[in-house]
Amino acid sequence: MSNAELKKFEDKIERDVKIEPRDWMPEAYRESLIRQISQHAHSEIVGMLPEANWLARAPSLRRKSILMAKIQDEAGHGLYLYCAAETLGAERQATIDAMLEGKLKYSSIFNYPTRSWADMGMIGWLVDGAAIVNQVALQRTSYGPYARAMVRICKEESFHQRQGYELLTELVKEGNAEQKAMVQDSINRFWWPSLMMFGPHDSDSANGEQSIAWKIKRLGNDELRQKFIDITVRQAEYLDITIPDPDLKWNEKTGHYDHGPIDWKEFKQVVSGYGPCNKERMDARRQAQEEGKWVVEAGLAYHAKKSMNEAA
Ligand code: FAQ
């Protein structure tokens, strides 16, 4: 690395010029991007599992079509993101293997079970809602392919969030007491894990400061979490359901909602492999790898033959 190269990189970051795959970049920047982008990709793919659990039990054809389209979108998001990681030299199978071996993470939220139909609405409203808040900021991330992937992903996540909220609105406004109770039970289980999606407090965020300096992350974990809470409380009021946090209250001085303490012990347990569904999720991904091997092999063989024919 020459000083001139580093200076050029820092100058681009300073002027908000995107870093592109062929540009010189510090090795630590490249590694941190591979870490974050591939974890993000894994989250999209593992995130398909809790919803797939309800596909065969959707209450109507309309709901089933929406859910199927959403799950397929998540697969697409995973693919854009694996491609973005590949532009940095991360071989796709190697990053997938790293996840299966527990060396690369995926979002903690997908290690919780989906017990009722209301959970399909709750995932759309809260999980996709939290993902959008995070990803809108990532549209301005400093690495070009990641930023561009985020633009399209955010548009689709917005549909996901709305279908979830619409599903819940129907359950609480047109449903019976049992259906309304199902929505309340669902938010009781999903509220705190949704707040954990934003990661540890900034003071405990190992990568945060450097990622913000490199403009990989544009906002800190706490600021994003607060934005999400501020948006979501009003939406919960409209649904007439209770957010399970007795300390949640509007703070006139700060212009934000204060919230109670997050259970970081639970978070650590889930990200280190001991959440309610970690084993089930990884078993399902391993099985998919095994059963899908022939598809990958057939695709690669087709591609090799096509390239040979073109070269001939
Ligand atoms: N779960 O130093 P920081 C979606 C890890 S979107 C698991 O603050 P960083 C859409 C973190 O990796 C959900 N691990 O880390 C969808 C780090 O460990 P490492 C995915 C977590 O990177 C909806 C350590 O803790 N979205 O799924 C979590 O600066 C519905 C210390 O943390 C993204 O990935 C967590 N919640 O900030 C799909 C967005 N939080 O890597 C299907 C992109 C933290 O050093 C259905 N990622 N960790 O071993 C990001 O914005 C960042 O990576 C953060 C973490 C904000 C997640």
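Numbering of ligands and ligand atoms starts at 1, following listing order.
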Could you tell me which atoms of ligand 1, counted from 1 in the order shown, lie closer than 4.0 angstrom to a heavy atom of [X]?
X: Glu51; result: 46 (C)
X: Gly47; result: 42 (C), 46 (C)
X: Ser108; result: 1 (N), 7 (C), 35 (C), 36 (N)
X: Met196; result: 36 (N)
X: Tyr146; result: 43 (C)

Nearest protein heavy atom to [atom], by residue and atom, and its distance?
atom: atom 15 (O) of ligand 1; answer: Asn207 ND2, 3.3 Å
atom: atom 30 (C) of ligand 1; answer: Asp128 OD2, 3.5 Å
atom: atom 55 (C) of ligand 1; answer: Lys217 NZ, 4.3 Å
atom: atom 10 (C) of ligand 1; answer: Glu157 OE2, 3.4 Å
atom: atom 48 (N) of ligand 1; answer: Phe267 CZ, 4.0 Å
atom: atom 5 (C) of ligand 1; answer: Lys105 CD, 3.8 Å

If you measure only the distance, is there a donor-acceptor pair under 3.5 Å linking the side chains of [X] and [Y]?
X: Tyr146; Y: Thr87; result: no
X: Asp202; Y: Asn221; result: no
X: Asp245; Y: His259; result: no

Assess whether a salt bridge exists between [X] and [Y], defined as any Lys/Arg side-chain N lying under 4.0 Å from an Asp/Glu carboxylate O.
X: Arg30; Y: Glu27; result: yes
X: Asp128; Y: Arg162; result: no
X: Glu101; Y: Lys103; result: yes
X: Glu166; Y: Arg63; result: yes

Trp250 ring center near His256 ring center (under 6.0 Å):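 Ring centroids of Trp250 and His256 are no less than 6.0 Å from each other.
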Heavy-atom nearest neighbour of atom 13 (C) of ligand 1 within options Gln39, Arg218, Met197: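 Checking each option, the heavy atom nearest atom 13 (C) of ligand 1 is found in Met197.
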From Ala206, Ser211, Gly199, Ser107 - option closest to atom 44 (C) of ligand 1 by heavy atom: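 The residue whose heavy atom sits nearest atom 44 (C) of ligand 1 is Gly199.
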Which bit of [X] is near ligand 1, meaning a heavy atom under 4.0 Å away: side chain, backbone, both or neither?
X: Val271; result: side chain
X: Pro200; result: side chain
X: Lys70; result: side chain
X: Leu224; result: neither
X: Asn134; result: side chain

NZ or CZ of Arg225 within 45° of Trp192 ring axis and under 6.0 Å: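 No, Arg225 does not lie over the aromatic ring of Trp192.
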Lys/Arg cation over aromatic Tyr274: Lys279, 6.0 Å, 45° cone: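 Judged by the rule, Lys279 and Tyr274 form no cation-pi pair.
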Full working for salt bridge (Lys or Arg N to Asp or Glu O under 4.0 Å) between Glu280 and Arg286: CA-CA 10 Å; Glu280 189 181 327; Arg286 267 187 216 101; over 6 Å; no
Min heavy-atom dist His77 to ligand 1 below 4.0 Å: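 Per 4.0 Å heavy-atom rule, His77 does not contact ligand 1.
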Any His160 heavy atom less than 4.0 Å to ligand 1: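 Judged by the 4.0 Å heavy-atom criterion, His160 does not count as contacting ligand 1.
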Atom 24 (C) of ligand 1 protein-contacted, heavy-atom criterion under 4.0 angstrom: no
Per-atom contact, atom 7 (C) of ligand 1, protein heavy atoms, under 4.0 angstrom: yes
Passing candidate, side-chain contact (heavy atoms from CB on, under 4.5 Å) with Arg285, options Arg281, Met282, Gln287: Met282
Nearest heavy-atom neighbours spanning Glu51 and Leu67: O-CD2, 3.9 Å
Close N or O approach (Glu74, ligand 1; < 3.5 Å):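 No, there is no polar N/O contact under 3.5 Å.
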